[in-house]
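Accompanying notes for the structure given below.
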Amino acid sequence: MRTRYAPSPTGPQHIGGIRSALFAWLYARRHGGQFILRIEDTDRKRTVPGSVKMILEAFDWLGMDIDEGPREGGALGPYVQSERLELYQTWAKWLVENGCAYKCFATAEELAAMRKAGGGYDRRYRDISAAKSADLEARGLPFVIRFKMPLTGLTVGKDLIRGEVEFANEQLQDAVLLKSDGYPTYHLAHIIDDHHMRISHVTRAIEWLPSFPLHIQIWNALGWEMPQFAHLPVLLNPNGKGKLSKRKEQFAGADGKSVPVLAREFIEAGYLPAAVMNFLSNIGWNYGDNEEIFSAAQAIERFDLKDVNPANSAYPIAKLDWLNSQYIQRADVAELCPLLKPILEKAGFEVDEARLQRVVPLLRVRLKSLKDVAPMAGFFFADWSAFKAPPAEILIQRKMDQKGTADILRGSIPLLRRLDTFDADTQHAAMREFAKATGYKNGQVFGSLRAAVTGQKVSPPTFETMEVLGQEESIRRIELALQSLSDETAG
RNA sequence: GGCCCCUUCGUCUAGCGGCCUAGGAUGCCACCCUUUCAAGGUGGAGACACGGGUUCGAGUCCCGUAGGGGCUACCA
């Protein structure tokens, strides 16, 4: 069992492509086969340098290992089409010699005129004599090689996902196999490569379905045994309108966050690779048992191309946020720390690793994205001496007023100062008692302290936070907050 | 325009003729819990596109219509 992912190196990797690759990879792994990466760089105009590197980075990050490819090598390489030109030319020539293809000398202008007239290429060179063809070639006219598509009859293709699909041959044109620059088109190249690389299952996006009959005819003309085909559904934009595009700005969510579409954007957005894998494999396929959270290893145990949903899907990006938070919650502190540290550093904080390890358990359940760590817990790593009391609108919580907040802060200080040990439990007990004595609700007391000490509306839990900050610093902050409240009263 | 594919809650999906008064998840809304956030718990609203068949019986099979997606390049 051998599957492949065969992208064109035209820039950053699109998540739609990654998902197609994922299905091919899962299938190969499920059956103990090989997963091959092949670069289809036959369009010289669109090829952008560095693309292969980006593709590889995406695969490495996700943990999708490649058995054969431009980096890995392999017995059936090279795995880059521009390095296999001779092969394509040989077989194109063979097809011409065997009457299955012909040289076409139509100029760009002629073609444009035909298109304008409607109907497309009119096969004007299909039946010219060998002598005439040779003559035109001898005169140095540029030409392409076109496939002689049967003019009548039906071609039926078998697709693993949707069964048999019928096409009337007359609907198809005589597709170009070899361009005038000597490069093959996709139609020719992928067949020759899939054959020579012994691909058993071709997975590709559904936009290839219309040219499936052409490919079947080429396989037949070549006399080769066809692999199995699965035309995969595609990802639609989050609103369900159109194929998922790279212009994701227009799909920014209510929170103003733009929707990640390119592979590297998932890294930048603070998603865990396991969450992304889970997310992607749960679109158009599902693990079963009403299980939403499953590992790649689990998916491998059950994946089958036959079970892929034939319908396209709107990109359910909101689910990724949820999945990511689930994965972060379940991750080990040891696993999270090295991921969080660079994010904090990039945000300008100097990270003490020991402190980070103490802090991570406090905020794990609050992170939807790794990137949330900076706004959520950055204050732990900031210069404490520069801490400023937050404004009144943060200090004074819901269902509280200025006086009440000040009362609570003022009353807490001596109690907190008196504590011999400053762990969270001890503080908690003391403050609970304080609430009881003063008649404030626990939440009012704890919440006011939270705001005073962290300066944030959303933060790690109050007492654990104060424990990390220490007695002296915590009290200092409460005093600062109290001071700013009083100043405001005075002003 | 022609051809092809697709169509279950807003969204991702389960369902492969009777187990469906259609299940799960997400999102949304309540309530509970709680260190008034988050997480967690409980509950709620929410779908078989429409019309014909076939069948004792249809979300499940067939046809049509509508809607969505794609292809129609010397791009992939």
Comparing nearest nucleotides in RNA chain B, the 5'-proximal residue of the pair A:D43, A:F446 is A:F446
Hey, which sits more toward the 5' end of RNA chain B by its nearest nucleotide, A:E40 or A:R19? A:R19
Applying a 4.0 Å non-hydrogen cut-off, can you work out what [X] is touching in the nucleic acid: base, sugar-phosphate, or nothing?
| X | result |
| --- | --- |
| A:V176 | sugar-phosphate |
| A:K441 | nothing |
| A:E291 | nothing |

[N], OP1 or OP2 - any side-chain N/O from [X] closer than 4.0 Å?
| X | N | result |
| --- | --- | --- |
| A:N237 | B:rG69 | no |
| A:R364 | B:rA39 | no |
| A:T185 | B:rA76 | no |
| A:K368 | B:rA39 | yes |
| A:S313 | B:rU13 | yes |
| A:Q326 | B:rG40 | yes |
| A:R115 | B:rC74 | yes |
| A:K103 | B:rC74 | no |
| A:N290 | B:rA14 | no |

Once you round to the nearest 0.5 Å, how far does CG of A:L95 lie from CZ of A:R146?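 Reported to 0.5 Å precision, the distance equals 15.0 Å.
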Could you check which nucleotide pairs with B:rG51 in any of the strands shown, counting Watson-Crick or G-U wobble with both distances under 3.5 Å?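 Its partner is B:rC63.
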Is the CD atom of A:E433 crowded by more than 12 outside heavy atoms at less than 6.0 Å?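 Incorrect, the count does not exceed 12.
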Contact check, side chains of [X] and [Y], non-hydrogen atoms, under 4.5 Å:
| X | Y | result |
| --- | --- | --- |
| A:W322 | A:E292 | yes |
| A:Y79 | A:M197 | yes |
| A:V48 | A:P9 | no |

From the set [options], return the single nucleotide nearest to any side-chain atom of [X].
| X | options | result |
| --- | --- | --- |
| A:R46 | B:rC37, B:rA76, B:rU13 | B:rA76 |
| A:Q173 | B:rU72, B:rU36, B:rG23 | B:rU72 |
| A:V234 | B:rU26, B:rC74, B:rG69 | B:rG69 |
| A:K179 | B:rA76, B:rG70, B:rC6 | B:rA76 |
| A:E207 | B:rU11, B:rC71, B:rA39 | B:rC71 |
| A:K241 | B:rC74, B:rU35, B:rG69 | B:rG69 |

N/O donor-acceptor pair, side chain A:Q171 with base B:rG2, under 3.5 angstrom: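 Flag unset: no donor-acceptor pair detected.
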Ignoring hydrogens and angles, are the base of B:rU13 and the side chain of A:E292 linked by a donor-acceptor pair under 3.5 Å? no
Any idea how A:F23 and A:F303 line up, ring-wise: parallel (<30°), tilted (30 to 60°), or perpendicular (>60°)? tilted
Just the rounded figure in Å: distance from P of B:rC74 to CG of A:L214. 12 Å
Do any N or O atoms of the protein come closer than 3.5 Å to N or O atoms of nucleotides 62-65 of chain B, and which pairs are they?
none

Within 45 degrees of the axis of the six-membered ring of A:Y287 and under 6.0 Å from its centre: does A:R302 put its NZ or CZ there? yes
